[in-house]
Amino acid sequence: MQGQQMQQTSASQFMPQPPEVITTKDHLYLTDMMNWNLTAAKKCHDFALRCQDVELSQLLDQTSQMHKKHYELILNELNKSVQQPAMAGGMQ
C-alpha cells in the first residue's frame, strides 16, 4: 500500500524547469532520445522517397520533419544549458 502511494506521489510531481546539473543518467537518456529521433527522421525520409503512394509519402515526410524538429529542440535546449553557465561565469 505504501509503495503505491509513493508511486502516485512521484508520478504526479511536476518539475517546472530543468535542474541546473545534468547527471550522467540524464545525459545518456538525452543522447538516446536524440538518436531515436534522428534515426526515425532518416528512416521516414528514406521511406517517403521510396513510396509510390503520394498521400503516404507526404505523411512519411511530415513524420520525418516532426522527428527532425524534436531532435533540434533537444539540441537547442542542451546548447542553452551549456551557454548559460559560461555566460554567468563571465559576469563575475
Side-chain angles (χ1 to χ4, degrees):
M1 182 75 160
Q2 191 177 20
Q4 287 179 333
Q5 289 175 343
M6 288 176 57
Q7 287 177 347
Q8 289 175 349
T9 302
S10 64
S12 64
Q13 290 178 348
F14 162 67
M15 185 180 297
Q17 70 183 65
E20 296 287 325
V21 176
I22 295 176
T23 66
T24 302
K25 187 175 181 178
D26 294 334
H27 182 268
L28 291 172
Y29 181 70
L30 290 167
T31 301
D32 284 345
M33 282 190 348
M34 291 179 73
N35 285 329
W36 296 330
N37 278 292
L38 187 58
T39 300
K42 287 179 178 181
K43 285 185 177 186
C44 288
H45 179 71
D46 184 54
F47 293 151
L49 293 175
R50 295 171 187 245
C51 187
Q52 295 182 8
D53 182 327
V54 175
E55 189 175 338
L56 183 56
S57 179
Q58 290 173 347
L59 184 61
L60 286 165
D61 191 51
Q62 289 173 357
T63 304
S64 174
Q65 294 299 319
M66 177 196 67
H67 284 292
K68 181 181 174 193
K69 179 182 173 187
H70 291 171
Y71 175 88
E72 290 171 351
L73 286 170
I74 296 166
L75 184 61
N76 287 339
E77 287 301 316
L78 289 173
N79 284 337
K80 281 185 207 176
S81 68
V82 169
Q83 291 173 358
Q84 286 176 348
M87 289 172 45
M91 291 181 170
Q92 293 178 345

Is there a side-chain contact between [X] and [Y] in this structure, where contact means two heavy atoms from C-beta onward sitting under 4.5 Å apart?
| X | Y | answer |
| --- | --- | --- |
| Q62 | M66 | no |
| V54 | Q58 | yes |
| M34 | T31 | no |

- Task: Would you check if the side chain of N37 reaches a backbone N or O of M33 as a donor-acceptor pair within less than 3.5 Å?
- Result: yes
Using the rule that two of Ile, Leu, Val, Met, Phe, Trp, Tyr join whenever any of their side-chain heavy atoms come within less than 4.5 Å, decide whether [X] and [Y] are in one cluster.
| X | Y | answer |
| --- | --- | --- |
| F47 | L56 | yes |
| L28 | I74 | no |
| L73 | W36 | no |

Show the nearest heavy-atom pair for residues [X] and [Y], with the distance to one decimal.
| X | Y | answer |
| --- | --- | --- |
| T63 | C44 | CG2-SG, 3.7 Å |
| S57 | C51 | N-SG, 4.0 Å |
| D53 | E55 | OD1-N, 3.0 Å |

- Task: Can you tell me which residue pairs pass the salt bridge (Lys or Arg N to Asp or Glu O under 4.0 Å) test with a partner in residues 61-72, sequence neighbours excluded?
- Result: none
- Message: Return the OG1 to OH distance between T23 and Y29, rounded to the nearest 0.5 Å.
- Response: 12.5 Å
